[in-house]
Asks: 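Please see the structure below; I have some questions.
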Amino acid sequence: MGNIAVVGAGHWGRNYIRLFAQVLGSDHVVVVDSNASAGDKIRSQYKDMRVFESLALALRHGACTAAVISTPAAVHFGQVRKCLESGLDVLAEKPLTLKVKEAESLVRLAREKRRILMVGHTF
């Protein structure tokens, strides 16, 4: 079984982290958050969970098959693109991007890479 990366350990990210830890086990969840205190909080709650301060570091680690992007919408495009280019399936919280052209390019990239690209619409 592959691991899943949760990018962003804020409000929604913490929900994903908790659920994935329950379902997959905390050793199958990788967390990415540039905020050191958020990373420390995750490390204290989940001893087996790996936490990285950048997406680039997590992707270089290479242990993930999928990612959830739960960061501010302004950075979704770059993060989703990096994940797709690295061969990961991606679930991005809404909105996928702030520009239609960027969203269209991500859809094309996902098709080219034969990866799943989903957008979370809770409400």
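Positions are given from 1, in the same order as the sequence printed here.
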Asks: For Thr71, give me all partners under side-chain hydrogen bond (donor to acceptor under 3.5 Å, both in side chains), at least two apart in sequence or on another chain.
Replies: Gln79
Asks: Can you list everything that forms a side-chain contact (heavy atoms from CB on, under 4.5 Å) with Asp48? Sequence neighbours excluded, please.
Replies: Ser26, Asp27
Asks: What's the spacing between Lys82 NZ and Ile69 CD1 if we round to 0.5 Å?
Replies: 10.5 Å
Asks: Quick one: CG on Asn15 to CZ on Phe20, what's the gap to the nearest 0.5 Å?
Replies: 11.0 Å
Asks: If you apply the rule side chain to side chain contact (heavy atoms under 4.5 Å, CB included), what do you find for Val6 with Val32, and how did you get there?
Replies: CA-CA 6 Å; Val6 178; Val32 178; over 6 Å; no
Asks: Flag yes if Val30 and Leu57 sit in one hydrophobic cluster, no otherwise; membership is Ile, Leu, Val, Met, Phe, Trp, Tyr, and two members link when side-chain heavy atoms are under 4.5 Å apart.
Replies: yes
Asks: Which residues pass the side-chain contact (heavy atoms from CB on, under 4.5 Å) test with Leu109, not counting sequence neighbours?
Replies: Arg81, Leu84, Glu85, Glu112, Lys113
Asks: For Asn35, what residues pass the side-chain contact (heavy atoms from CB on, under 4.5 Å) criterion, not counting sequence neighbours?
Replies: Asp33, Ser37, Ala38
Asks: Flag yes if more than 12 heavy atoms outside Arg43 fall under 6.0 Å of its CZ atom; otherwise flag no.
Replies: yes
Asks: Got a sec, which residues hit salt bridge (Lys or Arg N to Asp or Glu O under 4.0 Å) with Arg115, two or more places apart in sequence or on another chain?
Replies: Asp89
Asks: Return yes if some donor-acceptor pair links the side-chain N/O of Ser70 with the main-chain N/O of Val7 below 3.5 Å, else return no.
Replies: yes
Asks: For Leu24 and Ile4, run side chain to side chain contact (heavy atoms under 4.5 Å, CB included): C-alpha distance rounded to whole Å, both residues' side-chain angles, the deciding distance at 0.1 Å, then the answer.
Replies: CA-CA 9 Å; Leu24 303 173; Ile4 188 159; 3.7 Å; yes
Asks: Can you hop from Val29 to Val23 via hydrophobic side chains spaced under 4.5 Å?
Replies: yes
Asks: Between Tyr46 and Ile17, is there a side-chain heavy-atom distance shorter than 4.5 Å?
Replies: yes
Asks: Could you pull out all residues at least two apart from Leu91 that satisfy side-chain contact (heavy atoms from CB on, under 4.5 Å)?
Replies: Tyr16, Val68, Met118
Asks: Among Leu59, Thr65, Val80, Leu117, which residue satisfies the side chain to side chain contact (heavy atoms under 4.5 Å, CB included) criterion with Leu88?
Replies: Leu59
Asks: What closest approach, in Å, do Val51 and Gly39 show between heavy atoms, and which atom pair accounts for it?
Replies: CG1-CA, 3.7 Å
Asks: So, for Arg14 and Ala9, which heavy atoms are closest and what is the spacing to 0.1 Å?
Replies: CG-O, 3.3 Å
Asks: For Arg18, check salt bridge (Lys or Arg N to Asp or Glu O under 4.0 Å) against everything at least two apart and list the hits.
Replies: none
Asks: Can you list every ring-ring contact (aromatic ring centres under 6.0 Å, His included) pair that touches residues 53-78, not counting sequence neighbours?
Replies: Phe52-His61
Asks: Listed by chain and number, what are the side-chain hydrogen bond (donor to acceptor under 3.5 Å, both in side chains) partners of Arg108, not counting sequence neighbours?
Replies: none
Asks: Kindly work out whether a path of hydrophobic side-chain contacts (I/L/V/M/F/W/Y, heavy atoms less than 4.5 Å apart) joins Val107 to Val119.
Replies: yes
Asks: Could you name each residue pair satisfying salt bridge (Lys or Arg N to Asp or Glu O under 4.0 Å) that touches residues 95-106, not counting sequence neighbours?
Replies: none
Asks: Verify the neighbour count for atom CD1 of Ile116: are there more than 12 heavy atoms of other residues, nucleotides or ligands below 6.0 Å?
Replies: no
Asks: Is the shortest heavy-atom distance from the side chain of Met49 to the side chain of Ile42 under 4.5 Å?
Replies: yes
